[in-house]
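Heads up: the structure comes next, in structure tokens.
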2 protein chains.
Amino acid sequence: MNLEFLRSYLAVIRSGSFNAAARELGVAQPTVSQHVKKLEESVGHTLVLRSSSGCTIASKTEAFVRHAEALLRLADLAQNALHNPSILVGASSNIGTYLLQPYLKEFRDANQSRLALDVVLGPNPDIARKLEQGEIDVATMEWWDSRPGFVARTFRTEPLVVIAPPTHPWAKRSHISPAELLDQPMIGGELGTGTGRILQDILGSNAKHLRIVMSLGSTEAVKRAVRAGHGISIVFESAIADEVRSGALVVVPVRRAKIKKDLYVIHRRGLPQESIIVQFANGL
Amino acid sequence: MNLEFLRSYLAVIRSGSFNAAARELGVAQPTVSQHVKKLEESVGHTLVLRSSSGCTIASKTEAFVRHAEALLRLADLAQNALHNPSILVGASSNIGTYLLQPYLKEFRDANQSRLALDVVLGPNPDIARKLEQGEIDVATMEWWDSRPGFVARTFRTEPLVVIAPPTHPWAKRSHISPAELLDQPMIGGELGTGTGRILQDILGSNAKHLRIVMSLGSTEAVKRAVRAGHGISIVFESAIADEVRSGALVVVPVRRAKIKKDLYVIHRRGLPQESIIVQFANGL
DNA sequence: ACACGTTACGGCAACCGTAAGGATT
DNA sequence: AATCCTTACGGTTGCCGTAACGTGT
């Protein structure tokens, strides 16, 4: 598939004429015919319905037009990407929302150059997929399964806390025992964040008796559910600083158990040390 | 820019070696050298840092790697698009959420063929941009500014209603006069939906005295804000059927004023009548 | 008859592979 | 010396433009 062919093809579709397309592109008209023909041969499908009074797209090839336009647009973007350097950071929603922001500001200030620094948030599995498919340059996540071709580093070990509404009986307790977690209805956070595994470390095989009464897509939603009295939950300590200060939520310490989660920063293997990506990852 | 060159380039980056890339692609090694060189010439930038012990990407070209991978992925998608026909429908959030769903089901049932029918929701201006740039095949929106190259049709005229919380003084009124709207704090919906223009039709130049106390991104958020007593609002009648039935919101009729909004379906000009897009648009 | 797209064909550039040439370890 | 990438070069292919050829209005 040749991008010039696509350009001719789209010009024909837009203008409705091989002739007009040729003028628009500044080539001879038979060249456009040839381009479209070659393109049709390469995809094995008729793309343009020829007619003396205006050419149209063939039925069921609507999606191809869309993709072709996206391809040319993306080719332009790729060119620009070299003149306006940018990196795309993927982050699990929790990390991106509560932990990454100060570092982003710091990193951007340190690289005072006009570096575009974009962040995409999403569920951990989505971020992992995006990294693997090259949609993002570097990822910060709550787990990593050491896939080949990538370098992962624990950049932080973040404490987790049990939260409850201030009206909860536990609010007056100085601490609880791990086993007591099994008695309470619990709100689960976003799936695939590895919190289940951490609870297994503390509770052993009893973990399967946890009563997860609902599972919500974001920590903000979890916090609201806990405040509404639906149950307790376990979240990043840094995610509930405001609510604890205002008294909307209380933290319940768990005896003899430091609940914490390792956070990973991951990028492709084989990047040079000077790479902005490596600098971003190492600076975390 | 040549897709084969990109393929060689990415193979070099992945494997860290021109030799390995050549083996992987089943071509001679100098060919890969040539590909990378040509690519670098075409973009005017060194892309690969050569070294006897593993090649790496050049600094500040991280974004180019990402784009290159996206390009090849998209080229594959374009191919598949011909074998698995699909159309992408863009819809303003309101329409997509409250009005489009029944028709989507109906249309999909009518075209029992395995047609992929995807919908992207978004603010009206975003949808318009996506349509213009060919990211979507057909759009349903709350306005249309008759841009050239597109066909628009009013597919529906949808009534709007004034909503208030059941505790509001208006809840007991049989109707209000248009001028009374100026006295009440009002919650604005998503920007760019054309509701402002409609209020101007009713209120004339007084519309500028409306007290829009907050503007929220979605009708769901607007409904919650009204229920919480932040003010009144104007929304699609069909968006609040549930809340009216349950008594969570009340509808306040406006005397001598039919508030309604024309809804448009838009697609590229020059599609054949048999096109699935045209069928979708005409069936609405 | 005219306008439009297709086919035919020749010149030229681009591409690929083989072989030889540096550079680094 | 071995490995790796680059350069050089010839054969082949592919691409573009001109010109001639169908076809539908």
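Letters A, B, ... mirror the listed sequences (proteins, then strands); counts begin at 1. Only this structure's heavy atoms are used, side chains among them; waters, hydrogens and symmetry mates stay out.
- When the side-chain nitrogen and oxygen atoms of S52(B) are compared with OP1 and OP2 of dT25(C), none of them lie within a distance under 4.0 Å.
- At dC5(D), one or more side-chain N or O atoms of S17(B) fall inside 4.0 Å of OP1 or OP2 (strictly under the cut-off).
- Counting non-hydrogen atoms under 4.0 angstrom, V32(A) reaches nothing in the nucleic acid.
- Sorted by first and then second residue, the ring-ring contact (aromatic ring centres under 6.0 Å, His included) pairs with a member in residues 111-154 of chain B read W144(B)-F150(B); sequence neighbours excluded.
- Taking 4.0 angstrom as the limit, K38(B) places a side-chain polar atom (N or O) nearer than this to OP1 or OP2 of dC15(C).
- Rounded to whole Å, the distance from CZ on F18(A) to C1' on dT6(C) is 9 Å.
- In this model, the phosphate group of dT6(D) is approached by a side-chain N or O of R50(B) to a distance below 4.0 Å at OP1 or OP2.
- A close approach under 4.0 Å does not occur between any side-chain nitrogen or oxygen of K37(B) and OP1 or OP2 of dC5(D).
- At dT25(D), none of the side-chain N or O atoms of S53(A) fall inside 4.0 Å of OP1 or OP2 (strictly under the cut-off).
- Within 4.0 Å (heavy atoms only), Q29(B) reaches at least one base atom of the nucleic acid.
- An end-to-end axis angle of 20° holds for the helix from dA1(C)-dT25(D) to dT25(C)-dA1(D), taken from five base pairs per end and rounded to 10°.
- We find that K261(A) and E142(A) are joined by a salt bridge, their nearest charged nitrogen and carboxylate oxygen being less than 4.0 Å apart.
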